[in-house]
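Here is the structure we will look at, set down as structure tokens.
Note that the coordinates shown come from a computational prediction; the quantities given were computed from them, not determined experimentally. Below, read A as the first sequence line, B as the second, and so on, with proteins coming before strands; counting in each chain starts at 1.
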2 protein chains.
Amino acid sequence: MEIEIHNNDCLEVLHDLPPSCADMVYLDPPFFTQREHRLSTRDREMEFSFDDRWDSASDYATFLEDRLIEIHRILKATGSIFFHCDRTASHIARLLLDNTFSQRNFRAEIIWHYKRWSNSVRGLLPAHQTILFYSKTGNYKFHTILTGYSPTTNVDQILQKRSRDDANKSVYARDENGNVIFSGAKDGVPLSDVWEIPFLNPKAKERTGYPTQKPILLLERILQLTTDRGDLVIDPFCGSGTTLVAARLLERKAIGVDISPEACSLSRKRVEEPVRTDSHLLKNGAESYRNADESALSLLNGIPHVPVQRNNGIDAFLRVTFDGIPIPVRVQKYGETVTEAALSLYKSGISKNAKRMILIVTEDVPALFSDFKVPDCVILVDSASLSIKRLISNLSSEKESLFT
Amino acid sequence: MEIEIHNNDCLEVLHDLPPSCADMVYLDPPFFTQREHRLSTRDREMEFSFDDRWDSASDYATFLEDRLIEIHRILKATGSIFFHCDRTASHIARLLLDNTFSQRNFRAEIIWHYKRWSNSVRGLLPAHQTILFYSKTGNYKFHTILTGYSPTTNVDQILQKRSRDDANKSVYARDENGNVIFSGAKDGVPLSDVWEIPFLNPKAKERTGYPTQKPILLLERILQLTTDRGDLVIDPFCGSGTTLVAARLLERKAIGVDISPEACSLSRKRVEEPVRTDSHLLKNGAESYRNADESALSLLNGIPHVPVQRNNGIDAFLRVTFDGIPIPVRVQKYGETVTEAALSLYKSGISKNAKRMILIVTEDVPALFSDFKVPDCVILVDSASLSIKRLISNLSSEKESLFT
DNA sequence: AAAGTAAATGAATCAGTAA
DNA sequence: GTTACTGATTCATTTACTT
């Protein structure tokens with residue numbers, strides 16, 4: 001997927017792009033906090049024509065507005081813009097966006113909430129930033145993301161169908177025998193406008209990286225909400241290039257611009273390097289990343305074992321030995337075929353002199369063709385989820401047979 | 001403690017107050033939603049409504065600014081204002097407050113975040129409102145509120161004293177024997193600007209039927225942050241009177257104003273007999289609702305399912321249905337016999353009309369004696385760990401046979 | 001007492017009609 | 001086509017009640 005990075009003023013780059021070419025623009029412009037003072041004191045007149053208020057009042061506002069106008073031009077009719085700002089500038093940004101994209105196309109004020117180390121503050125500890133979401137038109141591309149139910153919700157009740165009683169009050173429907181009626185399956189709660197995403201994920205400490213970069217999950221969410229694979233994404237202030245990395249991992253085209261040569265070379269490096277940790281994070285979501293190891297190994301609950309870090313072939317050793325050597329265990333990973341997983345385990349196991357190994361099979365991924373056969377010393381064990389998957393297909397055929 | 005309630009336009013009442021008399025003003029004006037809001041009490045005895053339709057943004061802004069100027073006048077030099085608004089008007093409010101109180105006295109943008117019953121949205125589910133916090137001067141009254149540590153924080157470590165090492169890096173101090181030194185107790189983390197407070201529940205007794213009623217807890221927090229006992233608090237749009245109730249409970253003096261006679265009489269009633277419902281959720285935390293633990297649910301990795309938290313018999317519903325009803329799943333818990341687990345699942349499943357249920361068996365706990373037999377509709381599936389346990393005992397006997 | 005079930009509801013949102 | 005209104009419908013949440 002093509003990723004372009006330009007070292008230039010984004011106004012120039014935007015100007016050279018054709019109209020209606022981009023699906024999404026994310027921008028995180030610099031905040032001229034030192035200028036804010038002048039900004040706010042300039043307007044002494046009491047009239048509320050917000051339209052031209054900032055326009056002439058401030059270089060900063062003009063600076064942004066020039067670029068927003070270009071962004072509006074290059075966005076497709078189905079396109080969206082995400083404007084990242086902190087609490088000192090959110091109202092200015094809002095006004096500018098109302099001007100260029102119209103109040104009517106305001107979609108959401110996203111609150112990115114994170115926990116932070118506190119200094120002793122006189123006041124409330126700042127712990128959020130704002131992302132303004134506008135679309136170019138009312139007919140904008142949007143994919144609903146669903147999240148889990150609150151633990152306090154009775155999921156069994158919301159599976160029930162509802163109707164109106166005589167007084168037109170909403171009640172849960174029942175059939176003539178007084179039994180509850182089920183309506184279709186529920187998949188979860190639509191994503192809200194408050195996103196709790198940790199600033200840095202705990203494991204990121206290991207990386208000697210760029211400390212101020214935005215969490216990739218944040219950009220991932222934005223990309224998934226409003227773009228598809230192959231869509232064009234533009235970041236006019238790309239900085240360390242998080243947007244570009246996310247775009248690459250999710251297979252979106254991207255154009256990044258930054259006026260600083262250092263930022264550009266940084267971005268290039270990040271985009272070119274295979275970013276294993278990032279891609280792992282993206283594939284599984286932040287939650288599962290945090291406890292990916294534990295969740296795979298929870299399959300071993302109740303069996304004494306020692307988890308193994310940093311070994312591609314072996315996830316854990318059982319305490320139980322065979323021929324004096326602890327038994328290596330591996331869990332078949334998502335997307336891996338059984339033979340791939342077995343081969344990987346076998347190689348690592350042999351190097352540890354193991355005579356017996358256990359592979360927990362989680363998926364029936366068909367191997368297209370493979371010369372490798374699972375050796376006898378690798379014992380296959382089905383995971384419960386695999387057994388259930390098989391069961392489900394049996395159940396469906398069982399039902400079919402009832403009708404035929 | 002004196003609580004006054006005036007049925008009037010707040011501009012009149014504010015105008016008649018002497019300068020520098022109030023310690024805190026909380027206001028919750030109409031939000032510029034361009035709608036009329038109507039709601040009746042549960043018993044349909046009273047109907048409340050207010051009109052939030054304006055000809056233009058500047059009408060709305062002028063209306064507010066007139067009142068803000070008076071509020072600025074009546075606040076003490078140590079006083080503060082909290083302006084409650086939602087996402088449709090937060091930027092207008094911010095500009096007005098910058099004008100009347102100055103950008104310099106902006107203290108915080110508080111995000112009140114809550115969970116809400118949703119409806120089908122094309123977009124992000126709104127789940128927050130904004131409270132803008134300005135002080136009259138830089139010398140404002142403020143009490144730091146401390147909150148608990150997040151569960152991931154290593155509290156032991158926080159209690160350790162810190163010092164600088166040779167390279168001037170911050171390290172945890174140790175005494176001459178290498179033992180850690182404990183500094184004084186830490187009380188918690190300073191309150192952040194994102195407040196998660198549950199919305200008033202549909203069933204809460206505190207509920208009065210007034211639209212937009214705020215939780216008492218929200219107002220209590222604001223009062224505690226910036227006022228002391230005996231201080232004067234003013235709410236120019238008091239509505240159902242939550243501010244006044246909170247003020248009474250915390251022994252602050254208060255003046256409430258509302259233009260609607262119904263709102264005023266409701267406020268009077270509430271102040272006389274305050275009802276405060278404690279949120280079970282806040283008191284005990286979301287975790288207290290959980291009974292399906294994560295490691296149990298991770299056995300279902302890869303199978304679309306919805307976790308069920310408040311049911312002892314069912315841990316999750318599969319997305320797949322049998323006879324139109326999602327299939328309930330349960331994981332045998334530690335120490336439970338298979339028949340116990342199956343019985344529990346069976347009972348709950350039957351009440352949901354399920355015709356097929358799945359029990360994941362994790363242990364061979366022998367049932368001492370039991371009349372109950374696992375019914376046919378409960379399908380048993382072995383977990384991987386159980387399969388491995390069986391395997392291990394086989395392996396041992398296999399090995400034995402080699403030696404004998 | 002503890003667990004499970006029922007109820008209430010919207011600073012909602014949507015679809016359809018009228019201007 | 002666009003905008004503005006109005007009545008209809010929806011959904012997850014969390015307390016209160018019942019078993």
Side-chain angles (χ1 to χ4, degrees), chain A residues 104 137-139 144 146-165 167-174 178 180 183-184 186-190 192, chain B residues 28-44 48-53 84-90 112 114-131 197-215 237 239-240 275 277-284 286 288-289 291 306 308-314 344 347-348 351-352:
Chain A
R104 208 176 47 245
T137 65
N139 176 35
T144 304
L146 296 175
T147 59
Y149 293 98
S150 150
T152 51
T153 302
N154 343 355
V155 176
D156 37 355
Q157 192 184 24
I158 63 176
L159 291 170
Q160 295 172 28
K161 211 174 165 180
R162 315 194 64 170
S163 63
R164 294 272 169 187
D165 71 358
N168 203 34
K169 267 174 51 174
S170 176
V171 291
Y172 292 98
R174 289 172 183 280
V180 296
S183 64
K186 302 284 166 77
D187 300 331
V189 185
S192 88
Chain B
D28 177 23
F31 284 177
F32 192 52
T33 54
Q34 297 294 27
R35 277 208 187 96
E36 189 179 16
H37 300 277
R38 238 181 268 177
L39 205 61
S40 58
T41 50
R42 199 167 304 163
D43 49 24
R44 319 242 166 222
F48 302 102
S49 71
F50 65 84
D51 203 339
D52 187 17
R53 289 176 293 197
H84 195 126
C85 51
D86 82 342
R87 65 193 192 288
T88 53
S90 63
W112 171 33
Y114 45 84
K115 297 237 155 128
R116 232 199 46 196
W117 47 95
S118 74
N119 63 22
S120 47
V121 273
R122 176 175 167 74
L124 298 163
L125 187 70
H128 77 275
Q129 288 175 20
T130 305
I131 303 170
I197 297 178
F199 203 75
L200 257 198
N201 296 82
K203 296 281 289 188
K205 276 187 185 156
E206 191 181 315
R207 208 172 246 284
T208 60
Y210 192 83
T212 81
Q213 186 181 346
K214 304 288 178 303
F237 300 89
S240 60
V275 181
T277 41
D278 280 322
S279 156
H280 175 85
L281 177 65
L282 266 193
K283 214 155 84 190
N284 306 335
S288 67
Y289 288 84
N291 54 7
V306 182
V308 173
Q309 295 295 356
R310 306 183 42 180
N311 190 311
N312 256 345
I314 299 172
S344 172
K347 275 189 190 160
S348 295
S351 76
K352 309 286 177 209

Would you mind reading off the distance between [X] atom [atom1] and [N] atom [atom2], rounded to a whole angstrom?
X: B:Lys352; N: C:dT5; atom1: NZ; atom2: C1'; result: 8 Å
X: B:Arg53; N: C:dA11; atom1: CZ; atom2: P; result: 17 Å
X: B:Gln213; N: C:dA8; atom1: CD; atom2: P; result: 17 Å
X: B:Arg116; N: C:dA11; atom1: CZ; atom2: P; result: 6 Å
X: B:His37; N: C:dT9; atom1: NE2; atom2: C1'; result: 16 Å
X: B:Glu36; N: D:dG7; atom1: CD; atom2: C1'; result: 14 Å
X: B:Gln309; N: C:dG4; atom1: CD; atom2: P; result: 13 Å
X: B:Asn311; N: D:dT19; atom1: CG; atom2: C1'; result: 15 Å

With heavy atoms under 4.0 Å as the rule, sort [X] into base, sugar-phosphate or nothing.
X: B:Ser351; answer: sugar-phosphate
X: A:Pro151; answer: nothing
X: A:Gly138; answer: nothing
X: B:Phe50; answer: base

Spacing of the [atom1] atoms in [M] and [N] (rounded, Å):
N: C:dA8; M: C:dA12; atom1: C1'; result: 15 Å
N: C:dT13; M: D:dT13; atom1: P; result: 15 Å
N: C:dA15; M: D:dC11; atom1: P; result: 12 Å

**Request:** Could you please spell out the steps behind the side chain to side chain contact (heavy atoms under 4.5 Å, CB included) verdict for B:His280 and A:Thr152?
**Result:** CA-CA 10 Å; B:His280 175 85; A:Thr152 51; over 6 Å; no
**Request:** On DNA chain C, check which nucleotide each of B:Leu124 and B:Ser118 is closest to and give me the residue with the more 5' one.
**Result:**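 Its nucleotide being nearer the 5' end, the pick is B:Ser118.
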**Message:** Walk me through whether A:Asp156 and B:Ile314 qualify under side chain to side chain contact (heavy atoms under 4.5 Å, CB included).
**Reply:** CA-CA 9 Å; A:Asp156 37 355; B:Ile314 299 172; 6.0 Å; no
**Message:** Between A:Pro190 and B:His280, which residue's closest nucleotide on DNA chain D lies nearer the 5′ terminus?
**Reply:**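 Nearest-nucleotide comparison on DNA chain D picks A:Pro190.
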**Request:** Tell me which of A:Asn154 and A:Arg104 sits closer to the 5' end of DNA chain D, going by the nucleotide each one is nearest to.
**Result:**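 By nearest-heavy-atom nucleotide position, the 5'-most residue is A:Arg104.
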Residue [X], side-chain heavy atoms: nucleotide from [options] that is nearest:
X: B:Pro126; options: C:dT13, D:dC11, D:dT13; value: C:dT13
X: B:Arg207; options: D:dA16, D:dA12, C:dT9; value: C:dT9
X: B:Asn312; options: D:dC11, C:dT5, C:dA3; value: C:dA3
X: B:Lys205; options: D:dA16, D:dT13, C:dT5; value: D:dA16
X: B:Leu281; options: D:dA12, D:dT15, C:dA11; value: D:dT15

**Asked** From B:His128 NE2 over to B:Trp112 CH2, what is the distance, rounded to the nearest 0.5 angstrom?
**Response**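 Here the interatomic distance stands at 11.5 Å.
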**Passing candidate, side chain to side chain donor-acceptor pair (under 3.5 Å) with B:Asp52, options B:Thr212, B:Thr33, B:Thr88** =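 It is B:Thr33, the one option of B:Thr212, B:Thr33, B:Thr88 that forms the side chain to side chain donor-acceptor pair (under 3.5 Å) with B:Asp52.
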**Prompt:** Under a 3.5 Å cut-off for both distances, is D:dT10 Watson-Crick or wobble paired, and to whom?
**Reply:**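 The answer is none; no pair meets the criterion.
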**C:dA11 pairs with, by Watson-Crick or G-U criteria that keep both distances under 3.5 Å** =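 Looking at the geometry, C:dA11 pairs with no nucleotide.
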**Message:** Check this one for me: any side-chain N or O of B:Thr88 less than 4.0 Å away from OP1 or OP2 of C:dA11?
**Reply:**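 Looking at the OP1 and OP2 atoms of C:dA11, neither is under 4.0 Å from any side-chain N or O of B:Thr88.
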**Item:** Below 4.0 Å: OP1/OP2 of D:dT13 and any side-chain N or O of A:Thr153
**Value:** yes
**Asked** Is there a donor and acceptor pair, one atom on the side chain of A:Gln157 and one on the base of C:dA7, closer than 3.5 Å?
**Response**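 Such a pair is found, so the answer is yes.
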**Asked** Can you name the nearest heavy-atom pair linking B:Ser344 to B:Asn312, along with the distance?
**Response** OG-O, 3.7 Å
**Prompt:** Which pair of non-hydrogen atoms, one from B:His84 and one from B:Pro29, has the smallest distance, and what is that distance?
**Reply:** O-CD, 3.6 Å
**Asked** Looking at residues at least two apart in the chain, or sitting in another chain, which of them share a side-chain hydrogen bond (donor to acceptor under 3.5 Å, both in side chains) with B:Ser348?
**Response**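 B:Ser348 satisfies side-chain hydrogen bond (donor to acceptor under 3.5 Å, both in side chains) with B:Asn311 once adjacent residues are dropped.
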